[in-house]
Amino acid sequence: MTTLQLQTGVEALKGVGAEMKKDLERLGIFTCEDLLWHLPHRYENVEIRPVEELEHDEQATLVGTVQGPPAVRHYGAKKNRLSLRLFTGGHLVQIVAFNRAFLKNKLQPDTTVTATGKWDRYRAVLTAQRLEVGEPDETRAYSPVYPISGKLNVRQLEQWIKQVLQQEVFPPEVLPLSIRDRYKLPAMAEALVALHQPESAQALKNARRRIVYEEFLRFQLRIQAYKRTRRESERAVPLNISAEATQPFTESLPFSLTHAQRRSLQEIMNDLRADFKMNRLLQGDVGSGKTVVAACAMYAVVSAGKQTALMVPTEILAAQHAESLADFFHPYGIELALLTGSTKTARRREIHAGLANGTISVIVGTHALIQASVPFQDLGLVITDEQHRFGVEQRRALREKGNPDALFMTATPIPRTLAITAYGDMDVSRIDEQPCGRKDVKTYWVKPDMLERVVDFVRKETDTGRQAYLICPLIEESEQLDVQNAVDLHAHLQTLLPAHHVGLLHGRLPTEDKEGAMDSFTKGDMDVLVATTVVEVGVNVANATVMIIYDADRFGLSQLHQLRGRVGRGAEQSYCILLSDPSSETGKERMRIMTETTDGFILAEKDLQLRGPGDLLGQKQSGMPDFRLADPVHDYRALETARQDASALLDSDSFWHHADYEPLRNDLEETGAISGKKLD
Ligand code: ADP
Ligand code: MG
């Protein structure tokens, strides 16, 4: 056989013909290297243990001797079921295997066989996926199972991979010994052998650790190097602000900032005063006080003589923000304007003029703000709320408005690990504590047929002057149906609460009606607001203490959490009632989790487990690289380690000069992370 190289085509392997080649290609395997990276997706535990130790339904391997002749039953032309009695470790058990009739003649009484499959403890039956004559051929405890396609089978793949492994051609070692020693990681070659032919659970674990760490380290080196390069190339004139510029403002607030708010503000101020453009994500649960932090930063920028814009996804939210910011800024004589799609032409002209000549320092609005026609005199800082609702295009448009410092706020409590990967080139600040004195929202899960009792509760709460939200089911396929639901529930509730003011808010209402409803709820004139999920983002009514979510199982955990965050904003005890009767286990699980925790970060982790990262972030914008083995959710500790290591390496002299790091440096060179080309 010819000597194999990593790039040698698979057809050079013994036993790979034209047809097999096609099946391999379908798995993305063209070369020997591809074959090496075709890693088992699981391992069968073929460790042999006594029958009495096996758990019900466990994957198990039994070795024993055949007792009496095997029985075969055929059904149809191709299907059959073979069963035999096996004597193993003093026990007589039954082995069942499908479509192995061809083995029948080999399975004479007293023949030794090895069977691996699922153990039914109650019936003493092993349903075998593998049935081999003889003792187990290897002493290995784990047998790899590979993804296959077409006519391929796992054992063939195993053979071909063995051929490549025997030639000892491996992908180059990129991790220097110093790093491998630090974490006791095997070399690349050793790791790949162990992944395909594990000797022990420990060897397998170490091999995995090695590959995962390398993937994360290279990824982190790349995004961090890219970030540094971009900072170099986009050097900015630092804003002329002192570290204490926000002090008068923060001191005039009716409360003191939480520790986390202060830390985040400090990080933002450092960016503003640095000679690079801020590109920062401010993450914090609903009600954690992001808006206040944003206001402090805006104040600092305005006091340095620049303009600042706050962009939010909905008109309602824009109006709310404008109002609360105006309260903050009014005492300082700072001019603020609100600009949305429904701003009247005359007012719009006024605003444009004010922005162009600099009399307006703070502008709040929807994405109408970033239209080309909106002129700024000197835009220093742009803040976007609920940044995940804005696309890449809108962010780019922003940069074209004079490339201001950018702060993105989100209430989606993305787990830190995921934030690192998803927003790779952004810095992240987290507000991970709620202002003190705030009580956790008490959460209950009840069946929908309890609606009337829930309404009794609402009546009691509203009679003491508090307010309630009732959120309608979300039916993704049709906004029309969402609206119908809201309209019906609203009518029903009006009959149940004839003496109360029950309002309605949904996306199809004219802007004035939306604003009217929101206004009257904010002012406390309205007792109950029946709404679709338009209230999801940002709305702040401290007097609202009850949140009822109809058909709650239709929402994901993160969304439920967002909705629940609408209450519990004042000093009073608040309640969240989930009305739902989920049929699926995940649905029930979600309801349970909601009643158990109010910590957004825990909920986000759970959501991630139940739904996967793509779902949480929106597949397209998740920006998650394709790792071979690494999983940012499950391997988050390794990711964090790699992140710190990458940063230290890039800071160190030896990384840039020592021969040990050449492979990693080359990696950066090739991906364009140092030359400042775009990351893929
Ligand atoms: P977010 O934007 O993160 O949802 P907000 O900034 O709107 O949160 O704050 C929610 C409410 O909490 C507001 O009424 C705000 O005035 C109040 N708040 C913010 N920070 C504090 C604090 N440190 N102490 C007390 N109340 C605070
Ligand atoms: Mg907010």
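Whatever order the structure lists them in is the order used to number ligands and atoms, beginning at 1. Just so we're clear, the structure is a prediction, and the values are computed from it rather than from any experiment.
Without hydrogens or angle criteria, Thr597 side chain to Ile593 main chain gives no donor-acceptor distance under 3.5 Å.
Ion pairing of Arg564 with Asp440 is absent here, as no side-chain N (NZ or NE/NH1/NH2) approaches a carboxylate O to less than 4.0 Å.
For ligand 1, the atoms lying closer than 4.0 Å to a non-hydrogen atom of Thr258 are 23 (N). Atom numbering of ligand 1 starts at 1 in the shown order; those under 4.0 Å from a heavy atom of Ser256 are 22 (C), 23 (N), 24 (N). Within the listing of ligand 1, atoms 23 (N) sit less than 4.0 angstrom from a heavy atom of Leu257. Taking every non-hydrogen atom of Asp285 and a distance limit under 4.0 Å, the qualifying atoms of ligand 1 come out as 3 (O).
A side-chain donor from one of Asn543 and Gln467 sits under 3.5 Å from a side-chain acceptor of the other. Residues His321 and Asp385 have side chains that bring a donor and an acceptor to within less than 3.5 angstrom of each other. Looking at Thr359 and Glu335, their side chains never bring a donor and an acceptor atom within 3.5 Å of each other. In this structure, a donor-acceptor pair under 3.5 Å is present between the side chains of Glu461 and Thr545.
Contacts with ligand 1 closer than 4.0 Å are made by heavy atoms of both the backbone and the side chain of Val292. Using a 4.0 Å cut-off between heavy atoms, Gln261 contacts ligand 1 through its side chain alone, with no backbone atom that close.
Residue nearest to atom 1 (P) of ligand 1, selected from Lys290, Gln562, Gln434: Lys290 (by heavy-atom distance).
Between Ser288 and ligand 1 there is a heavy-atom distance shorter than 4.0 Å.
In terms of polar-atom proximity, defined here as any N/O pair under 3.5 Å, Pro435 makes no such contact with ligand 1.
Classified by interplanar angle (parallel below 30°, tilted 30° to 60°, perpendicular above 60°), the ring pair Phe249/Tyr332 is tilted.
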